[in-house]
Every structure is written in C-alpha cells, then in structure tokens.
Amino acid sequence: MATPFRENLRGIVAMVLCSAFFLFNDAFLKLASVEMPIGQLLFIRGLISALIIGTIVIWNGQFRSIRELWHWGIGLRCMAEIIAGFLFLYALLHTPIANMNAILQVIPLMITAAGAIFLGERVGWRRWTAIAIGFIGVLIIVRPGLAGFDAYSAIALFSMLFITLRDMTTRMVPRALPAMLIGLATSIAVGGSGAVYGLAESWTTPAWSHVALLIGSAVFLVGGYYANVIAMRHGDISVTAPFRYSVVVWAIVVGFLIWNEVPDLPMLVGTAVIIVTGIYTFQRERRLARMARLKG
C-alpha cells in the first residue's frame, strides 16, 4: 500500500527542520569550541539540553512513560549517537562547516539502502535516481581527493555510519514512546559520555558569552532531536531522506555570514543540483498522491 502524501509531507517537513536545527547547533558549538575541549562541550551542552527536555517532559506529563525507555532500541540508538557525536564534533572543529554538512549528505543514500535491505521498503528507480543525483550535487561541493577533502573529512564520513544506525534504530523504537523522552535519553547519554571523556582533558572556566552559545546550541539540539524522531517515524525513508540535502544550502549561508567562507562556483552548482532534486521529489510525491485520489 502506498504511503499517504500527508504522511510523507510530515516526514519531509520534519526532516528539513531537523537538518536546520542540527546545523545551527553545530554553528553555535563550533563558536563555543574556541575555549573548551570536546568532552567539556558535550557535557555542558548535554546538561543544558537534558534540563530543557526534562522540564518539558514533566510539564506535559510524559515522565509517566519513562519506564518505556528500557528498550533495546534506545540503548543502541544512544550508543550510535555517542560515537557519531564524538567523531563528527572532532572533525567539525577542524573543517569548515559548509564542507562538514556537505559530507553529512551521504546519509540519504545510506539510510535509503538500509531501509530497503533491513526494513523491506520498496524503492523504485526514480527515487534512487533522485537520491543519486542529489549525492552528485554533494560530490560537486566536497570534491573528494582535492583540497576540500582531508583526514578530518574521512573521520566525518566514518561518523555517518553511526548516524545512519541511529536513524534506523529510531524507526524500530515503538511509536508509543514520546519523542521528547527519546531526546532526554540521548541528551543524558551524550552529556554523560562527555563527562567521562573529560577525565582525560583539562577543563577551563568558560566566559559567559560561550555559556550563552552553548545554551543556544542546546536549544537547537533539542529541536533537532525532536524533529529527527518525527522525521524517521513518518513517511517513506526514501522520500524523506533526500531532504537532508537542504542543510547544505543553509550551511553555505551560515558559513558565509559567521566565518566569511565564500562559496565558489562548484559549491553553487552543487547546491543548485540539490535544490532541484528536492523540488522534483516533492512534486512527484504530490502528483502520485493526486493520482491515487483520482483512482480511489
């Protein structure tokens, strides 16, 4: 049975918001990293985000479902989030944010393939083609093998495996489990891992301006956690996944406004390819939904 367009639309919107939230989280975190090591960054951000989510969970009464967090999928998801977070953050601190978020766009291919292999989702040649063309747009931006690709980029690519595992595990967690509770478990796990990792670091006393940046990072992280769970629970993976490409556009804008990273011609061409791919995917799904209604 074909997935309703409304379900796919909800997944698409959540994926676009998820990508934007995580991007701004990365930008704020990179700005705050000037004074603090990785473990301290993750611990403070995790503490703040856990306090935010915990307040929301208590306020809406979802804490009554906290026992449901004892699910194997939550444990696996948190493990994947911790490993991905450390690898991605380490690479982020040494790589322009536009390049990092371009590398991040290998995930739609990984998730679509994983959905087809492990979840039995049917993916037609048109969807595969749209995803592949979007990935070509990413390759135009990143230009692997040239100056835009180095050892830190390879670390970022390796982290994509664990981000894919995180998202696939989200699909397997019971839908009855509130998204905010999943976000709370993730915040505690990542923040706690930062505290453990920090035992080998020399922590500093951050300036209030950097604390404010971490608060901003935590706010966007909370939004990203929530939107990610919604995106992975609604719609076909092969439909929603390509809309991760939208973050590349925002990454270029943020990189220019904050770090004065001027996009060159290949970056602009690759961005145009990504945007056209997203528009095609959206229009095709809407057309298929319209045809299904007429037949019904």
Any side-chain heavy-atom pair of Arg45 and Val190 under 4.5 Å: yes

Whether Phe162 and Phe158 hold their rings parallel, tilted or perpendicular, with breakpoints at 30° and 60°: perpendicular

Closest non-hydrogen atom pair between Gly224 and Phe21, with its separation: N-CB, 3.5 Å

Side chain Arg171, main chain Met168, donor-acceptor under 3.5 Å: no

Heavy-atom side-chain contact between Ile53 and Tyr225 under 4.5 Å: yes

Side chain to side chain, Ser65 and Pro178, heavy atoms closer than 4.5 Å: yes

Exam field: side chain Ser217 to backbone Leu213, donor-acceptor pair closer than 3.5 Å: no

Worked check of side-chain contact (heavy atoms from CB on, under 4.5 Å) between Leu214 and Phe28: CA-CA 7 Å; Leu214 285 176; Phe28 277 63; over 6 Å; no

Step-by-step side-chain contact (heavy atoms from CB on, under 4.5 Å) determination, Ile12 to His234: CA-CA 9 Å; Ile12 288 170; His234 296 275; over 6 Å; no

Residues Ile56, Gln62; criterion side-chain contact (heavy atoms from CB on, under 4.5 Å); working and verdict: CA-CA 8 Å; Ile56 296 173; Gln62 291 180 346; 5.8 Å; no

Gln40 side chain vs Thr204 backbone, donor-acceptor pair below 3.5 Å: yes

Minimal non-hydrogen separation, Arg244 against Ile111, with atom names: NH2-CD1, 3.6 Å

Close side-chain approach of Ile74 to Leu177, heavy-atom, < 4.5 Å: yes

Path from Ile82 to Trp72 over hydrophobic side-chain contacts below 4.5 Å: yes

Any donor-acceptor N/O pair, Asn228 side chain to Asp167 backbone, under 3.5 Å: no

Spacing of Ser159 atom OG and Leu92 atom CG [to the nearest 0.5 Å]: 10.0 Å

Between CG on residue Leu87 and CD1 on residue Ile38, distance to nearest 0.5 Å: 9.5 Å

Close side-chain approach of Met232 to Met15, heavy-atom, < 4.5 Å: yes

Pairwise side-chain contact, Asp26 with Phe88, heavy-atom cut-off 4.5 Å (strictly under): yes

Nearest non-hydrogen partners of Asn8 and Thr240, listed with the distance: O-CG2, 4.1 Å

Donor-acceptor pair between Trp203 and Glu201 side chains, under 3.5 angstrom: yes

Step-by-step side-chain contact (heavy atoms from CB on, under 4.5 Å) determination, Ile44 to Met36: CA-CA 10 Å; Ile44 296 177; Met36 287 173 279; 4.0 Å; yes

Reported CZ-to-CD1 distance for the pair Phe43 and Ile48, which is rounded to 0.5 angstrom: 10.0 Å

Side-chain touch Val13/Phe243, heavy atoms, less than 4.5 angstrom: no

Closest non-hydrogen atom pair between Thr170 and Val229, with its separation: CG2-CA, 3.9 Å

Over 12 non-hydrogen atoms of neighbours within 6.0 angstrom of CZ in Phe220: yes

Cluster check Val211, Leu29: I/L/V/M/F/W/Y, side chain < 4.5 angstrom: yes

Any Glu68 side-chain heavy atom under 4.5 Å of Pro174 side chain: no

Hydrophobic cluster identity match, Val276 and Ile133, side-chain contacts under 4.5 Å: no

Side chain Arg77, main chain Thr169, donor-acceptor under 3.5 Å: no

From Ile58 atom CD1 to Arg64 atom CZ, the distance as rounded to the nearest 0.5 Å: 11.0 Å

Hydrophobic cluster membership, Val34 vs Tyr152, 4.5 Å side-chain cutoff: no

Nearest non-hydrogen partners of Val173 and His71, listed with the distance: CA-CE1, 4.4 Å

Straight-line distance of Leu221 CG to Asn25 CG, nearest 0.5 Å: 4.5 Å

Connected via hydrophobic side-chain network under 4.5 Å: Ile66 and Met180: yes

For Leu184 against Ala50, the heavy-atom pair lying closest together: CD1-O, 3.6 Å

Gap separating the CD1 atom of Ile188 from the OG atom of Ser193, nearest 0.5 angstrom: 12.0 Å

